[in-house]
There are 2 protein chains.
Amino acid sequence: MGTTQLEQAPETKYWHLKTVIGEALDSEFAVGEILPNERDLAARFGVARATLRQALEQLELEGRLQRRRGVGTTVAPPRMGVAVGAAGNGWPGGTGDAWQAADSTQEIPPASVAELLGTGEETVHVLRRSRMYNGQPVAADLLYVPAASVPDLSAIDIPDGVTRARVVLRELQRLGFEGEDRAVELGSARADDARQLDRLPGAPVLLVTTRYFGPGGRTAAVSVATYRADTCRLTFGGDVEFHSGQERRAS
Amino acid sequence: MGTTQLEQAPETKYWHLKTVIGEALDSEFAVGEILPNERDLAARFGVARATLRQALEQLELEGRLQRRRGVGTTVAPPRMGVAVGAAGNGWPGGTGDAWQAADSTQEIPPASVAELLGTGEETVHVLRRSRMYNGQPVAADLLYVPAASVPDLSAIDIPDGVTRARVVLRELQRLGFEGEDRAVELGSARADDARQLDRLPGAPVLLVTTRYFGPGGRTAAVSVATYRADTCRLTFGGDVEFHSGQERRAS
DNA sequence: AAGTGGTCTAGACCACCAA
DNA sequence: TGGTGGTCTAGACCACTTA
């Protein structure tokens, strides 16, 4: 009667586990330290392995644990702040930052990209790049460049993918751009991205879609970057580094 | 011998399922349509329910499905683009946009926030707000404001939380700010945020941490916003709307 | 009360890594 | 080869919504 009935949900087991383990991580474990294996942990807490795993999965999602098949579960360092704003990368790869142009082909872009580009079913240059940070791969990226955006190249024929990538980037950089647009959403890693990022397919990733506007307001290029969600915190604007004292190091 | 041995991973069941169902969603289902229940689907594909669920979970993570306990699984509309950049919200809640100031207390901020504010263990104003979009809750937010940032209020004592929230916001708006800083990372919803966002605890969310710089470069306030990762695509900069023709409507 | 998705169990086997 | 995390199964029960 008088009891304010606010308890509501009786807190599930895995949620409680997650809390308990999370607190233990703060107080009793150092970064890089290895946890007991899942079977032992499950036994120790008196739950099924699946339940224990549900807790670990969330902690990994939050960037507090790192699990590797065949190896074990370790305490993850704090997420690294990765600059995505205008300060970080003009034409990505242009200024020789951590982006590494890997390859280039000419393909018909997927519908979602074609819509952003405003092109129809024309083929575009597709540059594959990957971004390193503190010696770790943090992002895989596809840069879609319509042939119209780099007119001076249409006559030349360059067979090698890597050098063509470099040439396209240089040309883009020469032309410059007038603005950019960015969107971030949650996704799961495709098989090839997963391989580049040293994760399993389906791993949670942050999808950063950038539109680059050329002269006249036309969309000159579109980039879709796939960042590891477990290890990265994306930073925007402000040239100041977040948390500058606490960046992640290789384990 | 001659067989280029590149097959590599024999593609797990749930991954294959995810692909198959995903394609079916594109071709055979309309937005809002209800899928068969999990037990039926599992039987139809000849897998255990847990396996089927693993596939659905990923599709939900990617914003393609919406599942509600007691109701069913429906096809989700495309994610809505939510503006987070400077254009979207000055002092959030200030211009009467979709933010709704709900409450305000004075508390000692969590260590992570205190570090960003540069304050010690002093109490700060904590404004709780929530953001609506197309009639749906998309974000819950905590705005931490050190007393020093709103000096004119230190003398006044306002007992009511809601009006105090409004007063603090008005004062902040009057003072203005000189810059901001933003970071985005993946998280899982705390119990209270989950309630506000109409999700279960642990649901994947995008955590947007914003630092507002006051005159002199000091951090005037810090906001931690929790966006539903399943329904939201965060957009930054550029006053142009992404995908303007395809926005999400209430189902 | 019936039907949905969410949690949990106790097993089994597989893919991967390091010694 | 032994140990790790990843996948998969076939059940059971629970929390929630709707009628």
Side-chain angles (χ1 to χ4, degrees), chain A residues 5 7-19 21 33-61 65-76 188-189 191 194-195 198-204 230 251, chain B residues 5 7-19 21 33-61 65-76 188-189 191 194-195 198-204 230 251:
Chain A
Q5 180 189 352
E7 357 183 354
Q8 208 150 325
E11 199 179 59
T12 63
K13 269 190 188 176
Y14 86 88
W15 187 265
H16 183 236
L17 257 185
K18 180 191 139 185
T19 310
I21 299 178
E33 197 166 343
I34 329 171
L35 267 64
N37 72 52
E38 296 183 348
R39 289 159 180 91
D40 283 359
L41 277 178
R44 184 175 316 190
F45 287 108
V47 299
R49 182 154 80 112
T51 307
L52 185 269
R53 276 179 61 81
Q54 210 174 341
L56 295 189
E57 249 155 54
Q58 278 217 7
L59 288 168
E60 188 181 32
L61 191 89
L65 289 180
Q66 201 168 108
R67 298 148 89 201
R68 270 171 304 175
R69 170 154 58 178
V71 180
T73 303
T74 58
V75 181
S188 50
R195 210 166 20 250
D198 191 27
R199 296 260 64 194
L200 292 181
D230 55 343
S251 52
Chain B
Q5 179 189 352
E7 354 185 356
Q8 207 153 328
E11 200 178 56
T12 63
K13 270 189 186 176
Y14 86 88
W15 186 265
H16 183 236
L17 258 185
K18 181 193 138 184
T19 310
I21 298 178
E33 197 167 341
I34 331 171
L35 267 65
N37 71 53
E38 296 182 349
R39 289 161 179 88
D40 284 358
L41 278 178
R44 184 174 316 190
F45 287 108
V47 300
R49 182 153 80 108
T51 307
L52 185 271
R53 276 179 61 80
Q54 211 174 340
L56 296 189
E57 250 156 54
Q58 278 217 5
L59 288 168
E60 189 181 30
L61 191 88
L65 289 180
Q66 199 168 108
R67 300 148 89 199
R68 271 170 304 175
R69 170 154 56 178
V71 180
T73 303
T74 58
V75 180
S188 50
R195 212 165 21 249
D198 192 28
R199 297 259 65 193
L200 291 180
D230 55 343
S251 53

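Here is the naming used below: chain letters follow the sequence lines, and residue numbers restart at 1 for every chain.
Remark: P of dG5(D) and CD of Glu60(A) are 11 Å apart, rounded to the nearest angstrom. Atom CD1 of Ile34(A) is separated from atom C1' of dT4(D) by 11 Å (rounded to the nearest Å). We find that CG of Asn37(B) is positioned 16 Å from P of dA2(C), with the value rounded to whole Å. As a whole-Å value, the separation of Leu61(A) CG from dG6(D) P is 13 Å. Going from atom CZ of Arg68(B) over to atom C1' of dG5(C) covers 12 Å, rounded to whole Å. For the pair Gln66(B) CD and dT17(D) P, the computed distance is 14 Å after rounding to whole Å. Between Leu41(A) atom CG and dT4(D) atom C1' the separation is 12 Å, expressed in whole Å. As rounded to whole Å, 16 Å separates atom P of dG5(C) from atom CG of Asp198(B).
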Please enumerate all protein N or O atoms sitting under 3.5 Å from an N or O of nucleotides 7-11 of chain D, with distances to 0.1 Å.
residue	atom	partner	partner atom	Å
dT7(D)	OP1	Tyr14(B)	OH	3.4
dC8(D)	OP1	Lys13(B)	N	2.2
dC8(D)	OP2	Tyr14(B)	N	3.2
dT9(D)	OP1	Lys13(B)	NZ	2.9
dT9(D)	OP2	Ala48(B)	N	2.8
dT9(D)	OP2	Thr51(B)	OG1	2.4

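The salt bridge (Lys or Arg N to Asp or Glu O under 4.0 Å) test applied to Glu38(B) returns Arg49(B), Arg53(B), Arg67(B), not counting sequence neighbours. Residues forming a side chain to side chain contact (heavy atoms under 4.5 Å, CB included) with Ser188(A) (at least two apart in sequence, or on another chain): Lys18(B), Gln58(B), Leu61(B), Glu62(B).
By the 4.5 Å heavy-atom criterion applied to side chains, Thr12(A) and Thr51(A) are not counted as neighbours.
The neighbour count for Asp40(B) CG, taken as heavy atoms of other residues, nucleotides or ligands under 6.0 Å away, is above 12. A 6.0 Å sphere centred on CG of Asn37(B) holds more than 12 heavy atoms belonging to other residues, nucleotides or ligands.
Thr19(B) OG1 to Tyr14(B) OH: the interatomic distance, rounded to the nearest 0.5 Å, is 10.0 Å.
Side-chain to base pairing of Arg39(A) with dG3(D): no donor and acceptor N or O lie closer than 3.5 Å to each other.
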